[in-house]
Amino acid sequence: MTFAVAVAGASGYAGGELLRILSGHPDFEVRTVTAHQNAGQPLVAVQPHLRSLAHLTLQATTPEVLAGHDVVFLALPHGKSGELAAAFDPETLVVDCGADHRLRSESDWTAFYGGEYFGAWSYGVPELFVGGSASPLKQREALVGERRIAAPGCNASTVALSLAPGVRAGVIDDRDLVAVLAVGPSGAGKTLKITMLASEILGSANPYAVGGTHRHIPEIRQALRAAGATAPTISFTPVLVPMSRGILATSTARIVPGTDAATVRAAWHDAYSDEPFVQLLPEGDFPRTADTLGANTALIGLAVDEAAGRVVVVAALDNLVKGTAGAAIQSANIALGLPETTGLSLNGVAP
């Protein structure tokens, strides 16, 4: 069976990455692409790398245009997905790549986003544990047959994947977590901003949303609570660096006293040993963002700093693939009963 697909917000970075992956997916056929300001233009006028989709024209983003598809991917600004959600047929699989349906707590939404709260959908990170330390279940079980899925925030899923195994296994203290991320500017979207101009970021590293203000913080805490944390606290600092895409997250946590290094490492090995897209590297190896470029792969390196009594987890992924579009398509595969890896690459692009 071939599933008819529409992508809303097809002129942006996330929309373009969805289309790049979908164009090679054997079970999905992209029939409709929509935009706002670019409506009426050929898709290749704004996404010139998508040559196999040159026959498509961007249409207006309306419920009427998006109706009649088996799968709709939403790559829209905050607030816009929620406005459309009620218009879709309950049997249509809708995957939201924006933030509108990620948070279960309305108070968190109000504090970090503001505006109307649209409720939470199933979270699209299949590899995360749910149900706490006593549960063997992962989020993928909740995605089977689902028709409303919230794809993750790229920073949030990177940090959650980095720390959740230690939380679930009880080998780290969830009250003293620290994460510093090097992030490419594509994560901020395609909207013109002075701080994102090449002349502003080339040759510089620029911290932003410092001091607990980043919108992905409640999403991280939510994922860690699902893994078994009681009241997780995290100091989260993203740093904009001059690479077009990618995240390198260095997360540290205090090790529970009496836990040896082998037990710490075993927590991450046990969590990801059977996962196709999240891979723990051999001891002593650490990932580079370049190794994940274009791939739906998250690579993790781990070290135990015995002097500090902390575990150091370094994770790399492509923010537009595993961080957004790849996670969305991986989750859609699961929801539709397709092999989870269909249409998704393990291999990056080098050099």
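FYI, side chains are in, hydrogens and waters are out, and symmetry mates aren't considered; it's all heavy atoms of this structure. We count residues from 1, following the sequence as given.
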Transitively linked via ILVMFWY side-chain contacts under 4.5 Å: [X] with [Y]?
{"X": "Val95", "Y": "Leu76", "result": "no"}
{"X": "Leu66", "Y": "Leu18", "result": "no"}
{"X": "Leu293", "Y": "Leu19", "result": "no"}
{"X": "Leu163", "Y": "Leu317", "result": "yes"}
{"X": "Leu299", "Y": "Trp268", "result": "no"}

Please evaluate residues Val178 and Arg310 with respect to the criterion side chain to side chain contact (heavy atoms under 4.5 Å, CB included), reporting the C-alpha separation (whole Å), side-chain torsions for both, the decisive distance (0.1 Å), and the verdict.
CA-CA 10 Å; Val178 179; Arg310 300 185 74 89; 4.0 Å; yes
Return the minimal non-hydrogen interatomic distance between [X] and [Y], and the atom names on each side.
{"X": "Ala39", "Y": "Ala35", "answer": "CB-O, 3.9 Å"}
{"X": "Thr324", "Y": "Ala151", "answer": "O-CB, 4.3 Å"}
{"X": "Thr292", "Y": "Ala316", "answer": "CG2-O, 3.6 Å"}
{"X": "Ser331", "Y": "Leu143", "answer": "OG-CD1, 3.7 Å"}
{"X": "Lys322", "Y": "Val278", "answer": "CE-CG2, 4.3 Å"}
{"X": "Ala332", "Y": "Phe73", "answer": "CB-CZ, 4.0 Å"}

Looking only at the side chains, is there a donor atom on one of [X] and [Y] sitting less than 3.5 Å from an acceptor on the other?
{"X": "Thr34", "Y": "Gln59", "result": "no"}
{"X": "Gln330", "Y": "Asn333", "result": "no"}
{"X": "His25", "Y": "Thr342", "result": "no"}
{"X": "Gln47", "Y": "Glu17", "result": "no"}
{"X": "Asn347", "Y": "Ser345", "result": "no"}

For the atom pair [atom1] ([X]) and [atom2] ([Y]), what is the distance rounded to the nearest 0.5 Å?
{"X": "Phe3", "Y": "Phe28", "atom1": "CZ", "atom2": "CZ", "result": "6.5 Å"}
{"X": "His55", "Y": "Arg31", "atom1": "NE2", "atom2": "CZ", "result": "10.5 Å"}
{"X": "Cys154", "Y": "His216", "atom1": "SG", "atom2": "NE2", "result": "5.5 Å"}
{"X": "Ile247", "Y": "Asp318", "atom1": "CD1", "atom2": "CG", "result": "8.5 Å"}
{"X": "Asn296", "Y": "Leu346", "atom1": "CG", "atom2": "CG", "result": "8.0 Å"}
{"X": "Asp70", "Y": "Glu29", "atom1": "CG", "atom2": "CD", "result": "10.0 Å"}

For residues 228-242, which side-chain donor-acceptor pairs fall under 3.5 Å, sequence neighbours excluded?
residue: Thr233; atom: OG1; partner: Arg175; partner atom: O; Å: 2.4

Taking side-chain hydrogen bond (donor to acceptor under 3.5 Å, both in side chains) as the definition, give me every residue that meets it alongside Asp96, ordered by chain and number, with sequence neighbours left out.
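So Asp96 forms a side-chain hydrogen bond (donor to acceptor under 3.5 Å, both in side chains) with Ser81, His101.
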List the steps, then state whether side chain to side chain contact (heavy atoms under 4.5 Å, CB included) holds for Leu177 with Ile172.
CA-CA 9 Å; Leu177 307 172; Ile172 62 174; 4.3 Å; yes
Are there over 12 heavy-atom neighbours, none belonging to Gln41, within less than 6.0 Å of that residue's CD?
yes
Do other residues, nucleotides or ligands put more than 12 heavy atoms under 6.0 Å from the NZ atom of Lys80?
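Open: at most 12 neighbouring heavy atoms sit under 6.0 Å from NZ of Lys80.
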Does [X] reach the side chain of [Y], with side-chain heavy atoms less than 4.5 Å apart?
{"X": "Tyr113", "Y": "Leu103", "value": "yes"}
{"X": "Ile300", "Y": "Gln279", "value": "no"}
{"X": "Arg51", "Y": "Val44", "value": "yes"}
{"X": "Pro126", "Y": "Glu340", "value": "yes"}
{"X": "Val167", "Y": "Phe129", "value": "no"}
{"X": "His78", "Y": "Asp100", "value": "yes"}
{"X": "Val313", "Y": "Thr252", "value": "no"}
{"X": "Val5", "Y": "Val72", "value": "no"}

Where do Thr92 and His69 land on the side chain to side chain donor-acceptor pair (under 3.5 Å) test, with the steps shown first?
CA-CA 7 Å; Thr92 300; His69 297 83; over 6 Å; no
Would you check if the side chain of Ser135 reaches a backbone N or O of Gly132 as a donor-acceptor pair within less than 3.5 Å?
no
Given 3.5 Å as the limit, does a donor-acceptor pair link the side chain of Arg147 with the main chain of Pro90, or not?
no
Please determine if Glu275 and Arg140 form a salt bridge, counting it only when a charged side-chain N lies under 4.0 Å from a carboxylate O.
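Result for this pair is yes, salt bridge flagged.
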Quick test of your reading of the model: are Arg104 and Glu219 salt-bridged, counting only N-O distances below 4.0 Å?
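Looking at Glu219 together with Arg104, the answer is no, because their closest N to O distance does not fall below 4.0 Å.
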Please evaluate residues Ile21 and Leu344 with respect to the criterion side chain to side chain contact (heavy atoms under 4.5 Å, CB included), reporting the C-alpha separation (whole Å), side-chain torsions for both, the decisive distance (0.1 Å), and the verdict.
CA-CA 7 Å; Ile21 301 171; Leu344 296 166; 3.8 Å; yes
Name the atoms and distances for all side-chain donor-acceptor pairs under 3.5 Å in residues 179-189, with sequence neighbours left out.
residue: Ser186; atom: OG; partner: Ser244; partner atom: O; Å: 2.7
residue: Ser186; atom: OG; partner: Asn319; partner atom: ND2; Å: 3.1

Considering only distance and modelled atom types, tabulate donor-acceptor pairs under 3.5 Å from the side chains of residues 254-263, sequence neighbours left out.
residue: Arg254; atom: NE; partner: Asp176; partner atom: OD2; Å: 3.4
residue: Arg254; atom: NH2; partner: Asp176; partner atom: OD2; Å: 3.3
residue: Thr259; atom: OG1; partner: Val256; partner atom: O; Å: 2.8
residue: Asp260; atom: OD1; partner: Ala262; partner atom: N; Å: 3.4
residue: Asp260; atom: OD1; partner: Thr263; partner atom: N; Å: 2.8
residue: Asp260; atom: OD1; partner: Thr263; partner atom: OG1; Å: 2.7

Apply ring-ring contact (aromatic ring centres under 6.0 Å, His included) to His269 and list each qualifying residue two or more places apart in sequence or on a separate chain.
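So His269 forms no ring-ring contact (aromatic ring centres under 6.0 Å, His included) with any residue.
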Contacts of Phe286 that satisfy ring-ring contact (aromatic ring centres under 6.0 Å, His included) - sequence neighbours left out:
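Phe286 satisfies ring-ring contact (aromatic ring centres under 6.0 Å, His included) with no residue once adjacent residues are dropped.
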Check against side chain to side chain donor-acceptor pair (under 3.5 Å), Tyr123 and Gln222
CA-CA 10 Å; Tyr123 193 52; Gln222 176 177 283; over 6 Å; no
Can you spot which of Leu280, Val311, Asp270 makes a side-chain contact (heavy atoms from CB on, under 4.5 Å) with Arg265?
Leu280
Val46/Leu58 under side chain to side chain contact (heavy atoms under 4.5 Å, CB included): CA gap, chis, key distance, verdict
CA-CA 9 Å; Val46 294; Leu58 292 163; 3.5 Å; yes
